[in-house]
Amino acid sequence: MPSLKNDIFIKTLLKQPVDRTPVWMMRQAGRYLPEYRKVREQAGSFLDLCTNPELACEVTLQPLRRYGFDAAILFSDILTVPDAMGLGLYFSENEGPKFTNPVRTAADVDKLPIPDPENELRYVMDAVRLIRKNLQGSVPLIGFSGSPWTLATYMVEGGSSKSFQKVKAMMYNEPKLMHVMLDKLAQSVASYLNAQIAAGAQAVMLFDTWGGMLSTEDYSEFSLYYAKQVRALLNTQVDGQQIPTILFTKGGGLWLELMADAGYDALGLDWQTDMQQARARVGNKVALQGNMDPVALYANPEVITEKVKTVLAKYGQGSGHVFNLGHGILPDINPEHVKAMVDAVRQYSPAYHLS
């Protein structure tokens, strides 16, 4: 793997010394940027944008041009895997993602295939290759997938949900069936991430968006167990370089010790988790990523600067902290407020890395 001009993101995930805290942002390629909205209009629909490697590459690079983030993240959607399993993904106006063929019965689970990433998901791999080429070694590229549990919630519910009653009913009434489904998803997700790594992703992240909806025992059995399965199947050595891995469970602050034992190099923290306590709880096992409240970006730049300083101070001295929001940026944030956040990380983080 050719060397990176800026590798502080990779080094930080591996807890190696750096001279400042790296910064990137979940959903950094998105609707808050006017240049993104222009390309999205050109694409015709969100799904058309995701499945067009040239346009996906363009929107991946846009936030880097504007802010110089320390990592790029592949522009895609977590529901590409269930779509490739034949569930018929579509997006309805103001209602988010929907599936034409939700998974409700043993027969539905039985016919779920494990997609070939270079076949059914070729457009994602082509986007990864194109982005890597266009980055020209400037910063690393992050690949990602939804976690098996999170994908299962959408697949059984048929879309987004507030109560998760259908998926939880399956989990409680037919646990064996749920495990069969999650096992297929773990294999599919690992295969998908391995293909992204082979195509050029230099770090990978598992988004467990809905793990926090579970009780502690159900989280261990139905979410974390399969996140561990995915991690065990990943090829994280490429040309002598380690590919760092990040696990993010929204609402997972209760279970950091369990998550730190799952085999990932870093844990993403949502904004409701205290960074100082999190660091004390996980010790030296993993790096931490996060965790400013995304809504803080509505505040004026002076307040944003103070919020950044608080997060940095909470983590404290030394490497192992990637600055990020505690969830994705919201669509109507002022792009200048993002600049205030990035500038503050650059200005105030070097003091925490003095050897």
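In this structure, a donor-acceptor pair under 3.5 Å is present between the side chains of Tyr219 and Thr249. No side-chain donor-acceptor contact under 3.5 Å links Thr80 and Asp83.
A donor-acceptor contact shorter than 3.5 Å links the side chain of Lys184 to the backbone of Val109. In this structure, the side chain of Gln62 does not engage the main chain of Ala29 through any donor-acceptor pair within 3.5 Å. Under the 3.5 Å distance criterion, the side-chain polar atoms of Glu174 are left unmatched by any main-chain donor or acceptor of Met170. The backbone N or O of Gly253 sits less than 3.5 Å from a side-chain atom of Arg281, completing a donor-acceptor pair. Tyr154 places no side-chain N or O within 3.5 Å of a backbone atom of Ile78 that could act as its donor or acceptor partner. Not one N or O on the side chain of Asp110 forms a donor-acceptor pair closer than 3.5 Å with the backbone of Ala106. Without hydrogens or angle criteria, Asn101 side chain to Gly86 main chain gives a donor-acceptor distance under 3.5 Å. Under the 3.5 Å distance criterion, the side-chain polar atoms of Thr150 are matched with a main-chain donor or acceptor of Trp210.
For the atom pair Arg27 CZ and Ile329 CD1, the distance stands at 9.5 Å (nearest 0.5 Å). Atom CG of Leu135 sits about 11.0 Å away from atom CG of Asn6, to the nearest 0.5 Å. Atom CG in Leu87 sits 5.0 Å away from atom CE in Met155 (nearest 0.5 Å). Once rounded to the nearest 0.5 Å, the distance linking CD of Gln289 with CG of Asp265 reads 12.0 Å. Distance check: Thr21 OG1 to Tyr352 OH gives 9.0 Å after rounding to the nearest 0.5 Å. Atom CZ of Arg132 sits about 13.5 Å away from atom OG1 of Thr60, to the nearest 0.5 Å.
Of all heavy-atom pairs spanning Ala152 and Val167, the tightest one is O-CG2, 3.9 Å. Pairing each heavy atom of Pro335 with each of Leu33, the nearest pair is CB-CD2, 4.4 Å. When all heavy atoms of Val128 and Gln196 are compared, the closest pair comes out as CG1-O, 3.7 Å. Looking at every heavy atom in both residues, Val156 comes nearest to Met181 through CG2-CE, 3.8 Å. In plain terms, the two heavy atoms of Ile246 and Gly268 that are nearest each other are CG2-N, 4.0 Å. Closest of all the heavy-atom pairs between Asn291 and Thr273 is ND2-O, 2.6 Å.
Between Lys11 and Asp19 there is no salt bridge, since no side-chain N of the basic residue sits under 4.0 Å from a carboxylate O of the acidic one. Salt-bridge check for Asp126 with Arg129: passed, with a basic side-chain N closer than 4.0 Å to an acidic carboxylate O. Comment: Glu35 does not engage Arg65 in a salt bridge, judged by the lack of any side-chain N to carboxylate O separation of less than 4.0 angstrom. At a threshold of 4.0 Å, the pair Glu336-Lys339 does not count as salt-bridged, since none of the basic side-chain nitrogens sits closer than that to a carboxylate oxygen.
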*Do Glu306 and Lys309 pass the salt bridge (charged side-chain N to carboxylate O under 4.0 Å, His left out) test, and can you show the C-alpha distance, the side-chain angles, and the key distance before you say yes or no?*
CA-CA 5 Å; Glu306 290 307 312; Lys309 286 162 77 172; 3.4 Å; yes
*side-chain contact (heavy atoms from CB on, under 4.5 Å) between Leu224 and Lys228, worked out*: CA-CA 6 Å; Leu224 189 62; Lys228 287 182 187 174; 4.2 Å; yes
_Verdict with supporting geometry, Leu64 and Gln28, side-chain contact (heavy atoms from CB on, under 4.5 Å)_ = CA-CA 9 Å; Leu64 302 181; Gln28 65 188 23; 4.2 Å; yes
*Hey, mind stepping through Cys50 and Phe75 against side-chain contact (heavy atoms from CB on, under 4.5 Å) and telling me if it holds?*
CA-CA 7 Å; Cys50 287; Phe75 181 81; 4.0 Å; yes
*asked:* Between Tyr67 and Val338, does the side-chain contact (heavy atoms from CB on, under 4.5 Å) criterion hold? Intermediate values first, please.
replied: CA-CA 8 Å; Tyr67 305 111; Val338 176; 3.7 Å; yes
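Between Asp293 and Lys307 the shortest side-chain heavy-atom distance does not fall below 4.5 Å. Contact annotation: the side chain of Thr12 approaches that of Ser319 to within less than 4.5 Å [non-hydrogen atoms, C-beta and beyond]. Here the side chains of Val23 and Met341 are in contact, with some heavy-atom distance below 4.5 Å. Taking 4.5 Å as the limit, every side-chain heavy atom of Tyr192 sits out of range of all side-chain heavy atoms of Val230. In this structure, the side chains of Gln229 and Gln187 stay at 4.5 Å or more apart for every pair of heavy atoms. In this structure, Asn52 and Tyr123 have side chains that are not in contact, with every pair of non-hydrogen atoms separated by 4.5 Å or more. Annotation: side chain of Ser188 is in contact with side chain of Met85 (closest heavy-atom distance under 4.5 Å). Contact check for Arg20 versus Asp70: side-chain heavy atoms found under the 4.5 Å cut-off.
Applying the 6.0 Å contact sphere to CZ of Phe164 captures more than 12 heavy atoms from other residues, nucleotides or ligands. For Arg31, the CZ atom counts as loosely surrounded, since its 6.0 Å shell holds 12 or fewer non-hydrogen atoms of other residues, nucleotides or ligands. Dense packing is recorded around NZ of Lys5, with more than 12 heavy atoms of other residues, nucleotides or ligands lying under 6.0 Å away. Summarising the local packing, CG of Asn173 is surrounded by more than 12 heavy atoms from other residues, nucleotides or ligands at distances under 6.0 Å. Counting non-hydrogen atoms of other residues, nucleotides and ligands closer than 6.0 Å to CD of Glu41 gives a total of 12 or fewer.
Leu297 and Val303 are members of different hydrophobic clusters when ILVMFWY side chains are connected at heavy-atom separations under 4.5 Å. Residues Ile304 and Trp271 do not share a hydrophobic cluster, defined by chaining ILVMFWY side chains whose heavy atoms lie under 4.5 Å apart. Linking Ile, Leu, Val, Met, Phe, Trp and Tyr residues whenever their side-chain heavy atoms come within less than 4.5 Å leaves Leu4 and Val18 in two separate clusters. Note: the hydrophobic cluster containing Ile8 does not contain Val311 (ILVMFWY, side chain heavy atoms under 4.5 Å, direct or indirect links). Transitive grouping of hydrophobic side chains (ILVMFWY, heavy atoms separated by less than 4.5 Å) brings Val308 and Val295 into a common cluster.
In terms of the side-chain hydrogen bond (donor to acceptor under 3.5 Å, both in side chains) criterion, Thr153 has no residue partners (sequence neighbours excluded). Checked against side chain to side chain contact (heavy atoms under 4.5 Å, CB included), Asn235 has the following partners two or more places apart in sequence or in another chain: Asn194.
For the ring-ring contact (aromatic ring centres under 6.0 Å, His included) with Phe46, the qualifying choice from Tyr90, Tyr36, Phe91 is Phe91, the only one to do so.
Under the 30°/60° scheme for interplanar angles, the aromatic rings of Phe207 and Phe144 are found to stand perpendicular.
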